[in-house]
Number of protein chains: 2
Amino acid sequence: MPRTKNTSTEEKILAAAKTIFIEKGMDGARMQDIADNAGINKALLHYYFKSKEKLFEVIFKEGAEKLFSKINSILNSDLPLFEKIRLFSNEYAEIISQNPYLPLFVLNEMNKQPHSFLENIFGKNQPTFENLVKQIDKEIKKGTIKQVSPVNLVINMISLSIFPFVAKPVFQRIMNLDPLQFSTIMDQRKTMNAEFIIASIKK
Amino acid sequence: MPRTKNTSTEEKILAAAKTIFIEKGMDGARMQDIADNAGINKALLHYYFKSKEKLFEVIFKEGAEKLFSKINSILNSDLPLFEKIRLFSNEYAEIISQNPYLPLFVLNEMNKQPHSFLENIFGKNQPTFENLVKQIDKEIKKGTIKQVSPVNLVINMISLSIFPFVAKPVFQRIMNLDPLQFSTIMDQRKTMNAEFIIASIKK
DNA sequence: GCATATTTTAACCAAATGGTTAATAAAGGT
DNA sequence: ACCTTTATTAACCATTTGGTTAAAATATGC
């Protein structure tokens with residue numbers, strides 16, 4: 001097993017695999033494409049990562065981690081609720097504009113991969129929302145926000161952050177936007193989303 | 001024995017193709033699976049629809065149509081703004097809960113298929129939002145709602161309606177919800193979404 | 001400098017896959 | 001009945017695909 005040195009080849013493979021898998025998905029990706037993209041022989045892929053599935057798993061895991069870790073850390077921080085919403089919206093928008101194709105990749109594969117595969121990956125990092133739920137209940141009692149379901153609030157925050165990227169080709173087309181216009185609108189949303197959410201729950 | 005009136009072969013194929021394509025996507029779908037699912041010989045698929053691509057196109061077109069036609073018709077109707085938002089949220093939630101796997105299928109393929117393929121499909125049905133833009137401008141001048149970008153309002157409405165279904169496996173997992181709990185929450189959202197949107201723009 | 005271990009490659013291989021063909025069965029028209 | 005057209009099938013085929021092998025190149029330790 002080559003776990004010792006020469007990470008450069010391994011890194012080249014991982015970078016290439018990321019590109020190809022995210023672009024084509026597990027089924028659409030070809031090992032030969034990944035090898036070509038990494039500038040190496042196909043057999044080397046199997047030398048470093050024994051199968052397509054194993055290689056995919058590494059890429060998927062990394063992607064899922066990138067998307068999910070921030071949610072948990074911000075939503076469980078000690079910030080005041082509105083600040084939390086603002087921070088989440090801003091930071092999440094940043095992550096996603098830097099990895100615009102990641103969400104669809106992860107969503108797509110989460111729907112397709114068997115349960116066992118996902119179990120393996122999500123084993124421990126189970127986010128907790130207790131902190132947030134308590135915080136929201138407190139604000140409701142204080143009367144600063146409306147009676148709102150914490151779960152649904154989080155779903156709204158995440159939906160508004162991610163979906164526009166996932167549906168970019170749809171929105172661009174049905175709204176007749178050129179890429180520049182679309183990107184301008186996405187930029188507006190970075191600050192807008194938080195205020196939109198806050199306005200919807202503020203009393 | 002004469003059995004119960006068998007649906008036409010073409011219909012059987014289309015139904016099977018829908019099932020398989022939506023479950024596995026264009027790349028993951030196997031012609032043999034579609035044939036088996038339809039209870040016919042694989043060659044018959046090519047007899048009715050000459051290639052996998054052509055068959056896929058039919059299924060995709062139908063799915064995209066189902067998802068997009070309603071948007072246009074409701075958003076261009078003559079209802080008052082808030083009613084429009086409520087009607088859209090309700091009807092769209094209905095369409096999607098009846099076809100929960102359709103959005104991801106369409107989104108996924110819209111990101112993968114080449115431009116030419118999509119051009120063919122969206123040729124004419126280009127939605128228009130002029131009506132809605134005017135309506136929103138009017139409400140802003142009347143002072144009933146905040147100064148809000150019509151495009152972003154529509155993006156929000158659609159995002160909140162669709163994304164929770166697309167990300168169902170994610171939400172179920174990170175929020176530790178069993179299928180029943182999740183479905184209850186989705187039901188709440190049917191009415192909640194509209195009020196959430198309205199609250200966020202009401203002055 | 002040399003033996004050993006690691007990395008990389010070209011050539012293969014078996015299975016799977018979309019698609020074709022030629023023959024057969026069923027329907028329709030006369 | 002008989003012929004023509006349409007529908008359906010089993011057997012193939014060419015290509016693609018993930019994966020393997022054995023040999024060559026390169027690095028490593030002494």
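The chains referred to below are lettered A, B, ... by the order of the sequence lines, with proteins before strands, and numbering in each begins at 1. Not measured: the values here are computed from a predicted model.
- Looking only at distances, no side-chain donor or acceptor of B/Asn108 sits under 3.5 Å from a matching main-chain atom of B/Leu104.
- Checked by atom type and distance alone, the side chain of B/Gln181 pairs as donor or acceptor with a backbone atom of B/Asp178 at under 3.5 Å.
- Note that CG of B/Asn193 is 8.5 Å distant from CE of B/Met186, once rounded to the nearest 0.5 Å.
- Taking atom NZ on B/Lys50 and atom P on C/dT20, their separation rounds to 8 Å, with Å as the unit.
- Atom NE2 in B/His46 sits roughly 19 Å away from atom P in D/dC12 (whole-Å rounding).
- Taking atom CD of residue A/Glu10 and atom C1' of nucleotide C/dT6, one finds them 14 Å apart after rounding to whole Å.
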Please tabulate, one pair per line, each protein N/O and nucleotide N/O from nucleotides 22-29 of chain C that are separated by under 3.5 Å, including the distance.
none

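- What separates CD1 of A/Ile20 from P of D/dT17 is a distance of 12 Å, to the nearest Å.
- Scanning atom types as modelled, one donor and one acceptor separated by under 3.5 angstrom connect the side chain of B/Lys42 and the base of C/dG18.
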Residue pair A/Asp137, A/Lys134: steps toward the salt bridge (Lys or Arg N to Asp or Glu O under 4.0 Å) verdict: CA-CA 5 Å; A/Asp137 284 344; A/Lys134 268 187 212 148; over 6 Å; no

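- Checked by atom type and distance alone, the side chain of A/Asn76 pairs as donor or acceptor with a backbone atom of A/Thr128 at under 3.5 Å.
- Within the 4.0 angstrom heavy-atom criterion, only backbone atoms of the sugar-phosphate kind lie near A/Ala29; the bases stay farther away.
- For the pair B/Tyr101 (side chain) and B/Phe165 (backbone), a donor-acceptor distance under 3.5 Å is absent.
- A heavy-atom distance below 4.5 Å is found between the side chains of B/Ile174 and A/Phe129.
- Two residues are said to be in side-chain contact when any heavy atoms from C-beta on lie closer than 4.5 Å; B/Phe196 and A/Val148 fail this criterion.
- We find that NZ of A/Lys54 is positioned 17 Å from P of D/dG18, with the value rounded to whole Å.
- Salt bridge annotation for A/Arg86-A/Glu195: present, with a cationic side-chain nitrogen under 4.0 angstrom from a carboxylate oxygen.
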Between the protein and nucleotides 5-8 of chain D, list the N/O to N/O atom pairs that are separated by less than 3.5 angstrom.
{"residue": "D/dA7", "atom": "OP2", "partner": "B/Tyr47", "partner atom": "OH", "Å": "3.1"}
{"residue": "D/dT8", "atom": "OP1", "partner": "B/Thr9", "partner atom": "OG1", "Å": "3.0"}
{"residue": "D/dT8", "atom": "OP2", "partner": "B/Thr9", "partner atom": "OG1", "Å": "3.0"}
{"residue": "D/dT8", "atom": "OP2", "partner": "B/Tyr48", "partner atom": "OH", "Å": "2.9"}

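- Between A/Arg30 and D/dT16, a side-chain N or O to OP1/OP2 separation shorter than 4.0 Å is absent.
- For the pair A/Asp27 CG and D/dT16 C1', the computed distance is 15 Å after rounding to whole Å.
- Distance CE (B/Met26) to C1' (C/dG18): 10 Å, rounded to an integer number of Å.
- If you measure from atom CD of A/Gln32 to atom P of C/dA11, you get 13 Å, rounded to the nearest angstrom.
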